[in-house]
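Residue numbering restarts at 1 for every chain, and letters A, B, ... go by the order of the sequence lines. Excluded from the calculations below are hydrogen atoms, water molecules and symmetry mates; all remaining heavy atoms, backbone and side chain alike, are included.
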2 protein chains.
Amino acid sequence: MNKSEVKVIGILERVGGFASAQELYQLLQRNGESIGLTTVYRALQSLVSDKIVDQLRRDDGEAIYRLCGDSHHHHLVCKLCGSTVEIEGSAIERWTKTVAEQHGFREVGHTAEVFGICPNC
Amino acid sequence: MNKSEVKVIGILERVGGFASAQELYQLLQRNGESIGLTTVYRALQSLVSDKIVDQLRRDDGEAIYRLCGDSHHHHLVCKLCGSTVEIEGSAIERWTKTVAEQHGFREVGHTAEVFGICPNC
DNA sequence: AGCAGAAATGAAAATGATTTTCATTTTCAA
DNA sequence: TTGAAAATGAAAATCATTTTCATTTCTGCT
């Protein structure tokens, strides 16, 4: 765990949700941190392989990251303004596990995100 | 529905599962079809927006496509060999709707994919 | 402190999927 | 037949991400 990784974790904490590498880089710049885009990517790779950060994909293929750790949860994302609400998903957890085991799958994980238009939009 | 879209549907039928645009293009070439990569992409976009083809993302961010079945369903995808099983998800549908409405969201949709290692791998 | 080798850094170039541009060809209805 | 609209594809542009490589910072050691 080096200095850059600490910076990236810090900004992820402030974000409190998903962000892409490019977004994180810009946020760090705005905060006056001196860090290169390459280093942000490398820190994220390292954190993902250490299971400190979760990585998934936006619909457009861009990778997005968030701190893992708190309880496993999902997101309700507004299609228009992008605001997100964390939602609990124990129903999903159970469904995932059941379905996968029925088909003999091991080491099961899942992605589930809900999209809609929030009350403000 | 134009000629190119028919070709793309044809190759997707032969593939019988997920394939990327690049792969589909190569397969079409090998089959002696005269079609450009650009046109493959355009046909896929069009088919996706007509709900004839499903699009999702590999872990590396590359888009993969597959003919969709009639009913709304999800996929159980093997992380190693890429084989997929369609799974029914009425539990998810209900959960999605409930959760979103609790938060006042409208026009709700969702994504949910389950990943694991299949019995053969 | 001083030093050598290892690790980290970041600017610039490379990569690769996807999209856009634009000139040409095909389709099709009047 | 004719002309406008749609389709096509080669080449260029885009954009996230990775790689390269020269430089800088750490580290442990004397």
Side-chain angles (χ1 to χ4, degrees), chain A residues 1-12 15 17-68 77 82 111 113, chain B residues 1-12 15 17-68 77 79 82 84 111 113:
Chain A
M1 173 87 69
N2 60 36
K3 218 183 296 184
S4 300
E5 293 172 25
V6 172
K7 286 181 188 169
V8 168
I9 290 175
I11 200 72
L12 277 170
V15 167
F18 288 109
S20 69
Q22 306 277 347
E23 289 163 353
L24 293 171
Y25 170 68
Q26 284 174 21
L27 288 170
L28 284 163
Q29 296 286 299
R30 274 186 225 135
N31 279 115
E33 291 288 356
S34 161
I35 188 171
L37 180 57
T38 310
T39 304
V40 171
Y41 274 105
R42 272 193 288 240
L44 285 168
Q45 281 177 335
S46 169
L47 292 168
V48 167
S49 74
D50 290 350
K51 304 268 166 61
I52 294 168
V53 162
D54 272 346
Q55 177 185 42
L56 59 92
R57 297 269 167 191
R58 287 210 183 114
D59 267 0
D60 66 359
E62 190 173 359
I64 50 180
Y65 305 86
R66 78 174 164 193
L67 282 179
C68 44
V77 183
T111 67
E113 305 298 328
Chain B
M1 173 89 66
N2 61 35
K3 217 183 296 184
S4 300
E5 292 173 25
V6 172
K7 286 182 189 171
V8 169
I9 290 175
I11 198 71
L12 276 170
V15 166
F18 286 109
S20 70
Q22 306 277 347
E23 288 163 354
L24 293 170
Y25 169 68
Q26 285 175 21
L27 288 170
L28 285 163
Q29 296 286 300
R30 275 186 223 136
N31 280 112
E33 292 287 357
S34 161
I35 187 171
L37 179 58
T38 309
T39 304
V40 171
Y41 273 106
R42 270 192 290 239
L44 285 168
Q45 280 177 335
S46 170
L47 292 168
V48 167
S49 74
D50 290 349
K51 303 268 163 67
I52 294 168
V53 163
D54 271 346
Q55 177 185 43
L56 60 92
R57 297 270 166 187
R58 289 210 181 113
D59 267 1
D60 67 358
E62 190 173 358
I64 50 180
Y65 304 87
R66 176 179 152 159
L67 283 178
C68 25
V77 183
K79 292 184 219 179
T84 68
T111 66
E113 305 299 328

### Query
At what distance, to the nearest 0.5 angstrom, does CD of A/Q55 lie from CG of A/L47?
11.5 Å
### Task
Starting at atom CG of B/L37, determine the distance to atom P of C/dT19, rounded to an integer number of angstrom.
10 Å
### Query
Are any side-chain N or O atoms of A/Q29 and backbone N or O atoms of A/G36, one a donor and one an acceptor, separated by less than 3.5 Å?
no
#### Entry: Main-chain N/O of B/V40 paired to B/Q45 side chain as donor or acceptor, under 3.5 Å
no
### Query
In whole Å, what is the span from the CD1 atom of B/I35 to the C1' atom of D/dA10?
14 Å
### Query
Is B/S4 near enough to D/dT8 that one of its side-chain N or O atoms lies under 4.0 angstrom from OP1 or OP2?
yes
### Task
Walk me through it: do A/L24 and A/L44 pass the test side-chain contact (heavy atoms from CB on, under 4.5 Å)?
CA-CA 10 Å; A/L24 293 171; A/L44 285 168; 4.1 Å; yes
### Query
Quick one: is A/K3 getting a side-chain N or O under 4.0 Å of the D/dC26 phosphate, OP1 or OP2?
yes
### Message
Within the structure provided, determine whether A/M1 and A/I52 are in side-chain contact (heavy-atom separation under 4.5 Å).
### Response
yes
### Task
Would you mind reading off the distance between A/L28 atom CG and C/dT9 atom C1', rounded to a whole angstrom?
15 Å
### Query
CD of A/Q22 versus P of D/dT14: gap in Å, rounded?
15 Å
### Query
So, is A/T39 near the phosphate of C/dG10, with a side-chain N or O under 4.0 Å from OP1 or OP2?
yes
### Task
Check every atom of D/dT20, C/dT18, D/dT17 against the side chain of B/A21 and return the nucleotide holding the closest atom.
C/dT18
### Message
Quick check: closest heavy atoms across A/R57 and B/D60, and the distance to 0.1 Å?
### Response
NH2-C, 3.4 Å
### Task
Please round to the nearest 0.5 Å and tell me the distance separating atom CG of A/L28 and atom CD1 of A/I35.
5.5 Å
### Message
Could you tell me if A/Y25 and A/E33 have a donor-acceptor pair between their side chains, going purely by distance under 3.5 Å?
### Response
no
## Note on the structure
The correct set of residues in residues 55-65 of chain A placing a heavy atom under 4.0 Å from DNA chain C is none
### Message
With a 4.0 Å cutoff (strictly under), does any side-chain N or O of A/N2 reach OP1 or OP2 of D/dT25?
### Response
no
### Query
Do any of residues 40-51 of chain A sit with a heavy atom less than 4.0 Å from DNA chain C, and if so which?
A/R42
#### Entry: Nearest-angstrom distance from the residue atom NZ of B/K7 to C1' of D/dA7
11 Å
### Task
Answer yes when B/R66 and B/D54 have at least one side-chain N-carboxylate O distance shorter than 4.0 Å, and no when they do not.
no
